[in-house]
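One-based numbering, in listed order, for ligands and for the atoms of each.
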Amino acid sequence: MSYQIAIDGPAGAGKSTIAKAVSKELSFVYVDTGAMYRAMALLCIREKIDGGNEDKVVSACDSADVKITYKDGAQVVMLNGEDVNGFIRTQEVGDMASTISVYKGIREKLVKLQQELGEKENVVMDGRDIASCVLPHADLKIYLDADVSVRAKRRYDELIAKGQPANLEKITEEVKERDYRDMHRDNSPLVRVPEAILVDSSYMTIDEVKNAIIAEFEKVRK
Ligand code: DC
């Protein structure tokens with residue numbers, strides 16, 4: 001029998017950091033579903049496909065081979081046999097991922113892959129539709145949120161730390177736009193399902209959030 005922990009929430013709430021920390025502590029497999037949408041987005045950018053052209057996006061992604069493997073415990077996304085981890089973390093790829101993830105043809109392919117991963121192992125899976133669609137019977141469902149201003153500031157600090165130019169006002173607008181798109185699309189929008197436990201990470205440390213989630217898991221562990 002395997003355990004499933006679903007963590008959903010908006011961009012910048014800290015899902016991947018937290019999901020990674022929780023999976024490490026429990027020795028579960030971490031599945032970052034956003035990385036799969038990002039790999040598809042990278043493919044579209046490389047092939048110069050307009051993200052607004054659903055037919056072209058879906059047909060390009062249909063024939064693409066996306067796989068998840070693990071190297072030293074970390075998830076590696078393989079796109080047509082290439083490790084693309086190093087190319088998918090840019091703002092451009094994130095925005096394209098948000099744009100093309102509205103298409104049913106894209107979601108069906110990736111959800112199937114995610115469900116297969118969730119059946120085999122104890123998993124902590126993060127995304128937007130994990131509790132509502134991918135793992136509807138997950139043992140624990142967390143909705144990880146944070147104030148828009150806090151999420152924008154985190155992104156701003158990240159860019160500054162990398163020595164890249166950043167404008168807090170512009171980033172705040174981009175975060176709001178991404179939230180709107182992810183929450184208002186027709187196919188599997190980001191929602192907090194009623195049974196999901198809300199964790200607001202705005203003023204919590206990573207350890208506090210991790211411990212809160214582990215404590216919730218201990219309550220449901222059989
Ligand atoms: O979590 P992330 O920033 O890596 O996700 C990038 C985009 O992919 C996000 O804006 C929406 C989409 N996504 C999705 O639609 N469903 C998921 N389960 C994960 C991500």
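When the options Val209, Val22, Leu140 are evaluated for a side chain to side chain contact (heavy atoms under 4.5 Å, CB included) with Ile214, the one that passes is Val22.
Remark: minimum distance from atom 7 (C) of ligand 1 to any protein heavy atom is reached at Ala97 CB, 3.7 Å. Scanning all protein heavy atoms for the shortest distance to atom 9 (C) of ligand 1 gives Arg128 NH2, 3.4 Å. Taking atom 19 (C) of ligand 1 as the reference point, the nearest protein heavy-atom neighbour is Thr33 OG1, 3.4 Å. Of all protein heavy atoms, the one lying nearest to atom 3 (O) of ligand 1 is Arg38 NH2, 2.9 Å. When hydrogens are left out, the protein atom nearest atom 12 (C) of ligand 1 is Ser101 OG, 3.5 Å; that is the closest non-hydrogen contact. In terms of protein heavy atoms, atom 13 (N) of ligand 1 is closest to Tyr37 CD1, 3.7 Å.
Interface of Gly34 with ligand 1, defined as ligand atoms under 4.0 Å from a residue heavy atom, comprises 4 (O), 5 (O), 19 (C), 20 (C). In summary, the atoms of ligand 1 found under 4.0 Å from a heavy atom of Ser98, numbered by their order in the structure, are 7 (C), 10 (O).
Cation-pi geometry between Arg128 and Tyr37 is not met at under 6.0 angstrom from the ring centre and within 45 degrees of the axis.
No side-chain heavy atom of Glu108 sits under 4.5 Å from any side-chain heavy atom of Val111.
Of the heavy atoms in Arg107, only side-chain atoms (C-beta onward) come closer than 4.0 Å to ligand 1. The proximity of Asp182 to ligand 1, defined as any non-hydrogen pair under 4.0 Å, is limited to the side chain. When heavy-atom distances to ligand 1 are checked against a 4.0 Å cut-off, Arg178 comes that close only through its side chain, counted from C-beta outward.
Looking at Ser23, its side chain never comes within 3.5 Å of a backbone N or O of Val124 through a donor-acceptor pair. Distance alone, capped at 3.5 Å, places no donor-acceptor pair between the Lys71 side chain and the Val76 backbone.
No side-chain N or O of Arg181 forms a donor-acceptor pair with one of Ser101 less than 3.5 Å apart.
Ring planes of Phe28 and Tyr3: parallel class, angle under 30° (limits at 30 and 60°).
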What verdict does the side-chain contact (heavy atoms from CB on, under 4.5 Å) test give for Met204 and Val199, after you've listed the backbone C-alpha separation in whole Å, the side-chain angles of each residue and the deciding distance to 0.1 Å?
CA-CA 9 Å; Met204 289 169 85; Val199 177; 4.2 Å; yes
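Checking only distances, Arg185 does come within under 3.5 Å of ligand 1, N or O to N or O.
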